[in-house]
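Taking it in order: structure first as C-alpha cells, then the write-up.
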Amino acid sequence: MNSSNPVKDYFLKSAQLDEHLLSDILNSILTHKIDNAEFYFQSVRHESWGLEDGIVKDASFHVDRGVGVRALAAEKTGFSYCEEISKASLERAAAAARSIAPEGGKLKVKPIIHSQVSPIYSSSDPLSSLTEDQKIDLLKQLDQMARAKDPRVTQVMASLSGVFEQVLVMATDGTLASDIRPLVRVNVSVIVEHNDRRERGSAGMGGRYDLAQLNNPATLDSLADEAVRMALVNLDAIAAPAGIMPVVLGAGWPGVLLHEAVGHGLEGDFNRKGSSTFSNRMGKMVASPLVSVVDDGTILGSRGSLTIDDEGTP
C-alpha cells in the first residue's frame, strides 16, 4: 500500500481526506471503551441487460457509494454509515458507532501496516470492456445460437451483468487494505415445446474478469448448447417416484443448501461464544466421510474468490 494506491486516492483525495485524518477519527472512537473499530469504504457500479426473443426488454445501471463505521466492545457491535464521504460525515458516524460503550477508553490506533497483497483477479472495469452495441450483440448471438440448436426451442431469454466494486478498509489494529473487484455473469434460458408439453433449461457462467472474456463464440455456443440440452432432458423426463431414497448432490447450487444448514454454524462469533455444534472441533470429522466440501477463496478469477476479505485480511 502506498500513497499512489488508486483505490485510496479514489475515496480520499476528492473528499480532502488522508490517512492521518482517518486515524484521528478512529482515535476519537477509542475514547470510549471500544476494543476495535474500522472504516469500510465501498463503491459499487452495477449494470445489467436483458434480452427476450431478440429484443432488449430490460436494462439497468446504478451506483452505490459510502462508508460504514463499525465499533466492537466485547460482545456488542456498533455500526453506522454515511453515503457522503467527508470529514464531518465520518465524525458523525464515528460518534454514533462508539455510543455502544461508555467513555474512558485507553487504546490508541496502531501504526498503519503497509503490506503488499498479490491480487488474484484483474482490476479492469468490466462495464467499459465492451460497448453497448457489443453487449447487445453478445445477447443476440446467444439467442440465435440457442434457436439453431433444435426446432422445438420456442423462446429464448438472455441476460448479461457486470459489477465494478472498490473497497478500502482502515482499522485501529493498523490495517489499511484495498481491493478492486470486477464481477461479470451471462445467462441464457430457453423454453422448448413438444406435444403440448413445455419445459425450460438454462445455463450461465461468470467470474472476476471483464465482459470481453465472455464475448467468445465458442463460449456462447457452449452455453446455448447446455441450456437447450437441459430443456430437452426435462422435456423427456418422467415424474420422480415417491418415497425415501438416497439423494446425490452435485457441485453448484447445493452449496446454497450447505450454507444454510452448516455455514452459519461455522461463523466466527458462534464459535468464539462456544454456541455452535462445531465449536472446538478443528481438525475433527464433522460429517459423513462420503461428504467432500471445498471452500477456496483463492482460485484465480473465480466468482467467489477475494484478494482480501471485508476486514482487510488476505
Side-chain angles (χ1 to χ4, degrees), residues 1 3 5-46 62-115 117 163 165-181 263-264 266-276 297 306-314:
M1 183 71 64
S3 58
N5 180 280
V7 178
K8 186 175 69 172
D9 291 345
Y10 168 76
F11 284 114
L12 303 187
K13 275 194 171 181
S14 62
Q16 297 182 318
L17 300 171
D18 57 35
E19 295 175 16
H20 300 295
L21 184 54
L22 294 183
S23 182
D24 289 343
I25 299 175
L26 285 175
N27 270 319
S28 74
I29 298 177
L30 295 181
T31 59
H32 287 226
K33 294 181 179 180
I34 299 295
D35 300 320
N36 189 51
E38 66 184 8
F39 290 128
Y40 185 85
F41 294 79
Q42 183 181 35
S43 172
V44 181
R45 290 191 291 115
H46 179 274
H62 67 265
V63 177
D64 292 313
R65 188 170 184 265
V67 190
V69 183
R70 183 172 66 157
L72 304 175
E75 297 299 326
K76 295 190 295 183
T77 300
F79 180 78
S80 60
Y81 72 94
C82 50
E83 294 180 347
E84 177 192 4
I85 300 178
S86 68
K87 178 177 180 290
S89 295
L90 289 176
E91 288 174 337
R92 288 194 296 270
R98 74 187 182 202
S99 64
I100 62 167
E103 295 182 357
K106 304 296 184 183
L107 299 178
K108 294 292 182 181
V109 175
K110 294 181 180 180
I112 292 172
I113 302 170
H114 293 277
S115 58
V117 180
V163 178
E165 179 181 8
Q166 299 181 81
V167 299
L168 176 69
V169 182
M170 184 172 178
T172 53
D173 63 2
T175 296
L176 178 61
S178 65
D179 197 13
I180 295 177
R181 300 170 177 173
H264 290 297
L266 296 175
E267 291 171 1
D269 49 356
F270 294 118
N271 283 277
R272 186 180 71 252
K273 297 174 185 176
S275 60
S276 169
L306 286 175
T307 299
I308 60 170
D309 66 14
D310 285 346
E311 293 179 339
T313 306

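All values below were derived from every heavy atom in this structure, side-chain atoms included, with hydrogens, water molecules and symmetry-related copies excluded. As the structure is a prediction and not an experimental result, all values here were calculated from the model.
The CD1 atom of Ile34 sits 14.5 Å away from atom NZ of Lys106, with the distance rounded to the nearest 0.5 Å. Note: Lys108 NZ to Thr31 OG1 = 8.0 Å, rounded to the nearest 0.5 Å. Separating the CD1 atom in Ile25 from the CG atom in Leu21 is a distance of 4.5 Å, to the nearest 0.5 Å. Annotation: the span from Leu168 atom CG to Asn5 atom CG amounts to 7.0 Å, rounded to 0.5 Å. The CG atom of Asp18 lies 8.5 Å from the CG atom of Asp24; values are rounded to the nearest 0.5 Å. Rounding to the nearest 0.5 Å gives a distance of 5.5 Å between CG of Leu17 and CG of Leu22.
At most 12 heavy atoms of other shown residues, nucleotides or ligands fall within 6.0 angstrom of atom NE2 in His20. Atom NZ of Lys273 sits in a crowded spot, with more than 12 heavy atoms from other residues, nucleotides or ligands closer than 6.0 Å.
Across all their heavy atoms, Glu38 and Val169 have their closest contact at OE1-CG1, 4.3 Å. Of all the heavy atoms in Asn271 and Glu267, the pair that sits closest is ND2-O, 2.9 Å. Contact record, Phe11 with Ser43: CZ-N, 3.6 Å, taken as the closest heavy-atom pair. The minimum heavy-atom distance between Ile112 and Met170, with the atom names listed, is CD1-CE, 3.6 Å. The nearest pair of heavy atoms linking Asp35 to Ala74 is OD2-N, 2.6 Å.
By the 4.5 Å heavy-atom criterion applied to side chains, Leu26 and Phe39 are counted as neighbours. Proximity of Ser28 to Glu91: side-chain heavy atoms (C-beta onward) are nowhere separated by under 4.5 Å. The shortest distance between side-chain heavy atoms of Val109 and Leu30 falls below 4.5 Å. Contact annotation: the side chain of Ile180 approaches that of Val7 to within less than 4.5 Å [non-hydrogen atoms, C-beta and beyond]. Side chains of Ile113 and Leu176 form no contact here, defined as non-hydrogen atoms less than 4.5 Å apart. At least one side-chain heavy atom of Arg181 sits less than 4.5 Å from a side-chain heavy atom of Ile308. By the 4.5 Å heavy-atom criterion applied to side chains, Lys8 and Glu19 are counted as neighbours.
Under the side-chain hydrogen bond (donor to acceptor under 3.5 Å, both in side chains) criterion, the residue pairs touching residues 165-175 are Asn36-Thr172, Gln42-Glu165, Asp173-Thr175, with sequence neighbours excluded.
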Output a table of donor-acceptor pairs, distance under 3.5 Å, between side-chain atoms of residues 75-82 and any protein atom two or more places apart or on a different chain; print 'none' if there are none.
from	atom 1	to	atom 2	distance (Å)
Glu75	OE1	Arg272	NH2	3.2
Lys76	NZ	Ile100	O	2.6
Ser80	OG	Ala93	O	2.5

Exercise. Apply the test side chain to side chain contact (heavy atoms under 4.5 Å, CB included) to residues Glu311 and Arg70: give CA-CA distance (whole Å), side-chain angles for both, the deciding distance (0.1 Å), then the verdict.
Key: CA-CA 11 Å; Glu311 293 179 339; Arg70 183 172 66 157; 2.8 Å; yes
Self-check item: Candidate pair His62 and Asp64, rule side chain to side chain contact (heavy atoms under 4.5 Å, CB included), full reasoning
Solution: CA-CA 7 Å; His62 67 265; Asp64 292 313; 3.6 Å; yes
Practice problem: For Val44 and Val63, run side chain to side chain contact (heavy atoms under 4.5 Å, CB included): C-alpha distance rounded to whole Å, both residues' side-chain angles, the deciding distance at 0.1 Å, then the answer. | Solution: CA-CA 6 Å; Val44 181; Val63 177; over 6 Å; no
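Between the His32 side chain and the Gly105 main chain, no donor and acceptor come within less than 3.5 Å of each other. Within the 3.5 Å criterion, the main-chain N or O of Thr313 finds a donor-acceptor partner in the side chain of Asp309.
Here Lys110 pairs with nothing under the side-chain contact (heavy atoms from CB on, under 4.5 Å) rule; sequence neighbours left out.
Using a 4.0 Å cut-off between charged side-chain N and carboxylate O, Glu84 and Arg65 make no salt bridge.
In this model, a donor atom of one side chain and an acceptor atom of the other lie less than 3.5 Å apart for Ser86 and Ser89.
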